[in-house]
Amino acid sequence: MDYNPQEIEAKWQAYWEEHKIYQTETNSDKPKFYALDMFPYPSGAGLHVGHPLGYIASDIISRFKRMQGYNVLHPMGFDSFGLPAEQYAIETGQHPAITTKQNIETFKAQLGKLGFDYDWSREVQTSSPDFYKWTQWIFQQIFDSWYNQKTDKAEPISELISEFEKNGNTQVKADCDEDTPSFSAEEWNKFSAEEKQHLLLKYRLTYVADSIVNWCPVLGTVLANDEIKDGFSERGGHPVERKKMRQWMMRITAYSEKLLQGLDGIEWSDAVKEMQRNWIGKSFGAEMEFEIDPSGVSGVLKVFTTRPDTIYGVTFMVIAPELDLVDTLTTPEQKEEVAKYVNWAKNRSERERQSEVKTVTGVFTGSYAINSFSGEKIPIWIADYVLAGYGTGVVMAVPSSDDRDFRFATQFGISIKCVIEGSEDLDDPTEIKHGKLINSGSLNGMNTQDAIQEVIKEIEKRGIGKGKINYRLRDAVFSRQRYWGEPVPVYFEGDIPKVLPEMTLPLHLPEIDEYKPTEEGEPPLGRAENWKYEDKYEYELTTMPGWAGSSWYFLRYMDAQNNEEFASKKATEYWNQVDLYIGGTEHAVGHLLYSRFWTQFLCDRGFINHREPFKKLINQGMIQGMSALVYRVKDEDKFVSFDLKNDYETTELHVDVSLVEGDVLDIEAFKSWRPETANYEFITGKDGKFICGNRVEKMSKRWYNVVNPDAVVARYSADTMRLYEMFLGPLEQSKPWDPKNIDGSFRFLRKLWRLFENEQSEFYVSGDAPSKDEWKVLHRTIKKVKEDLDRYSFNTVVSEFMKLVNDLNALKCNKQAIFEPMLRMMAPYIPHITEELWAKMGHIKSIHIEQFPDFDEKYLKEDAFTYPIMINGKKRHLMDFAAEMNQADITTEVLADETVQKWLEGKAPKKIIVVPKKIVNIVV
RNA sequence: GCGGAUGUGGCGAAAUUGGUAACCGCACUAGACUUAGGAUCUAGCGCCGCAAGGCCUGGGGGUUCGAGUCCCUUCAUCCGCACCA
């Protein structure tokens with residue numbers, strides 16, 4: 001019988017399921033290995049061939065590790081809350097849960113055909129109440145915590161309360177709201193319950209705040225910064241504007257430093273680590289105060305600067321238009337102009353602001369500040385190049401050292417004062433940013449680095465500022481004005497949010513009549529009737545953002561059925577970090593940062609024992625589509641083959657890739673796909689075939705280049721698909737799906753099969769002892785494959801398999817002693833065919849392949865450094881000679897190449913490869 | 001502008017990490033077989049050259065007995081961030 005994948009793949013998939021081969025043990029003495037894929041959002045389109053790329057890799061590793069005696073956790077689940085199901089619900093009225101359920105079934109069926117070893121008994125779905133109960137529970141723990149800077153961790157809010165009762169908040173060092181007032185214990189104890197709650201909210205790690213958010217009117221919800229690209233929503237590409245709204249926030253900024261430090265201990269790519277570092281954006285500088293003049297206006301302007309050394313070069317101040325300070329600072333004469341500008345700036349969309357970065361706009365407030373170093377009176381301006389959200393929202397402008405300040409000063413005719421030697425001679429003084437200071441009073445002659453320290457010392461002495469570390473990271477908005485998400489487990493007494501008692505969780509999503517916002521503009525949950533806690537308290541109407549569930553799902557897999565806890569301590573201690581996490585780069589900052597944040601938090605509060613969720617991260621590349629193109633002769637009802645298209649003026653048209661075989665178009669199929677072309681002429685190319693052009697672009701319905709894995713499995717086999725995707729190139733790299741190359745992988749599987757069967761389809765594996773050469777190729781391959789898998793090099797392994805089969809073919813090897821370890825080695829990649837052949841070898845005890853083979857050095861040893869050299873006319877092995885070298889009293893007359901000569905002079909290092917072709921003659 | 005990568009045959013790529021550059025596959029060429037297939041087998045396949053031989057890892061320089069690999073410099077492409085003071 002020939003290789004018949006359809007039959008054997010179904011058979012083995014059923015066998016594995018029936019015997020629960022891949023169910024992970026909970027209690028095990030074995031070492032553990034946790035391999036994880038980023039769980040998919042179950043979209044209606046189903047899987048395309050890009051999805052399984054990472055899944056195949058993690059499947060190979062988990063099979064490999066399991067065969068090496070590890071207890072492997074390799075689960076799969078679904079990130080099943082999300083916008084598309086809700087959009088569909090708005091359009092059709094169908095409950096998003098139904099759509100979601102159907103899509104998940106499709107996904108599971110597709111995944112099943114690829115032969116993955118997932119333990120489905122641990123499946124999670126973020127939209128399932130069993131799961132979101134614990135998302136809500138974790139939210140409550142965050143609500144019940146504050147960040148103690150003294151112990152540098154999150155602690156229960158009850159401890160903060162007892163501190164307040166004892167000492168007020170004067171000795172507390174916490175990450176809290178800017179406007180938190182100081183109070184003594186006495187004052188605290190006199191506060192009303194309501195006042196206390198308001199104050200506590202300033203300390204909680206999740207809190208309600210009015211903040212400026214990215215509002216997307218089309219989607220009807222707010223978006224996080226990482227959900228926006230170039231001023232448009234990442235999903236759907238709708239415009240985004242800035243809007244002030246009451247939101248739930250996560251105080252992720254408390255973890256800035258830990259999130260930054262933690263990156264050093266994990267094995268992620270430099271690119272992703274760097275992206276996270278940039279996102280956190282740590283910078284060193286100083287915070288300092290400028291007095292306002294005339295002193296009729298009370299208070300000071302507080303700025304953050306990384307260049308306190310340029311203090312003498314400050315010639316104006318700029319504040320962000322959003323700040324309340326604007327009103328205070330504006331003089332009556334300027335009022336009208338300022339109001340106009342502020343209003344203009346406010347209504348500018350996020351997109352306009354970003355695309356017009358080079359445009360300089362601003363307005364003078366009429367007020368002045370005093371530079372206490374130079375004593376100069378400097379004007380205060382408003383401009384939207386200053387961001388309200390970074391630092392203090394106020395900038396001390398040094399036009400001689402900062403490009404933007406320079407542009408601004410030039411535009412508005414503000415004076416420029418150079419403070420760095422050499423810059424005064426340039427048209428653009430900002431070209432020199434570091435050097436010796438000039439025009440800077442007592443700082444003159446110092447270099448910039450020393451001056452920074454000096455100025456910080458000075459402002460600290462004068463009490464007008466201090467050295468400060470600033471982070472770019474903002475607190476994360478945790479509200480979405482949507483239906484299909486986790487309800488926030490909170491109710492309101494007046495405007496005080498209170499968490500629901502744990503026993504009432506999960507707070508179920510209520511049924512509503514329509515999935516749209518209410519007429520009053522409340523989120524969809526506002527439609528739920530009689531939806532009140534204890535029939536009187538309003539629930540929170542927003543839901544959690546998409547990243548809530550995905551920030552901890554990897555913990556749930558460890559103990560997915562637990563009804564008492566999100567996961568038992570025992571389970572989280574055993575499984576600990578994810579050893580290998582595979583997924584796309586699109587989550588480089590969003591999901592991967594939030595997960596790290598929640599993990600840090602859960603560790604602080606003692607719920608788990610590890611700080612970093614993902615030890616090793618691999619970002620698999622995208623599989624791009626190979627679009628097929630046909631060329632229509634301009635203004636005529638004719639198509640022309642690719643090879644002749646230069647003879648015509650043409651327009652191109654995408655054609656469904658399934659209508660193209662190789663490069664050749666199936667014209668009839670095309671005509672029935674596009675009936676309007678039924679009478680068109682097709683000008684075929686040289687060999688009578690109609691050739692299509694092609695182009696690599698994103699795999700998308702729009703380009704008709706989506707390849708469905710089911711089709712590949714049906715036409716070839718799951719093993720072919722697995723092998724091919726791994727063979728395409730390095731996992732991390734993006735690469736096009738080129739259907740022409742699949743044949744090679746399929747051919748290999750048939751070649752493998754024919755090692756076991758002769759031309760007459762007789763299974764003819766022999767029990768004879770293998771030859772030395774046979775052992776050698778086998779062990780060489782095992783060694784290489786093991787090493788490659790240990791360093792997650794997936795594509796090179798496939799080459800090794802192919803080479804081995806070629807070699808065994810050439811040796812006409814049909815020995816069982818070789819085949820057994822060979823199949824065991826190949827099983828992680830191509831589990832179906834190897835199991836089948838394994839079973840066909842009959843007398844093997846276990847029907848299921850369970851062990852990865854070991855290689856034996858003894859078959860490989862002679863490979864190293866055995867090239868003969870001639871010494872005194874006698875053939876010797878170089879390594880033997882090298883071993884004697886040091887003791888030997890050698891006078892040499894070398895007739896060899898320079899390398900060997902140098903080596904004999906003692907200059908060359910330990911290792912030498914001598915080209916076999918050139919036998920070297922050394923006379924000793 | 002800042003940051004991260006990548007650059008090797010016609011194509012996808014490999015190189016035991018500083019030691020014979022191009023494993024393996026695709027495409028291509030020639031041949032064999034044949035139940036004519038989208039099958040299989042054999043041989044060839046970086047460039048120049050009839051050959052011996054010479055030249056090849058984006059360009060230039062350096063370190064080294066030896067560089068695709070390390071260092072400097074330069075160019076090109078891709079990705080991420082971006083008025084962050």
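Just so you know, these numbers come straight off a predicted model, no measurement behind them. Below, chains carry the letters A, B, ... as their sequence lines are ordered, and counting in each starts from 1.
Using cut-offs of 30° and 60° on the angle between ring planes, the pair A/Y3 and A/W753 is tilted. Using the six-membered ring where Trp is involved, A/Y829 and A/F794 have ring planes that are tilted, between 30° and 60° apart.
Only the P atoms considered, B/U6 is 30 Å distant from B/C55, to the nearest whole Å. Rounded to a whole angstrom, the distance from the P atom of B/C79 to that of B/C72 is 26 Å. Rounded to the nearest Å, the gap between the C1' atom of B/G7 and that of B/G68 is 11 Å. Here, B/G4 and B/G9 have their P atoms 27 Å apart, quoted to the whole Å. For B/A36 and B/A30, the P atoms lie 23 Å apart once the distance is rounded to whole Å. Nucleotides B/U40 and B/G25 are separated by 13 Å at their P atoms, to the nearest Å. Across the C1' atoms, B/C75 and B/G61 are found 15 Å apart, a figure rounded to whole Å.
Between A/Q733 and A/G391, the residue whose closest nucleotide on RNA chain B is further toward the 5' end is A/Q733. Comparing A/N741 and A/D384 along RNA chain B, the residue whose closest nucleotide (by nearest heavy atom) sits nearer the 5' end is A/N741.
Put simply, CG on A/D807 is 11 Å from C1' on B/C23, counting in whole angstrom units. Here B/U40 presents its P atom at 14 Å from CG of A/L752, a figure rounded to the nearest Å.
Of the side-chain N and O atoms in A/N795, one or more sit less than 4.0 angstrom from OP1 or OP2 of B/A14. For B/U16, neither phosphate oxygen OP1 nor OP2 lies less than 4.0 angstrom from any side-chain nitrogen or oxygen of A/R791.
In this structure, CD in A/Q733 is found 13.0 Å from CD in A/Q620, a value given to the nearest 0.5 Å.
Both distances falling under 3.5 Å, in either a Watson-Crick or a G-U wobble arrangement, place B/C81 opposite B/G1.
Of the possible donor and acceptor atoms, one in the side chain of A/N814 sits under 3.5 Å from a partner among the backbone N and O of A/Y764.
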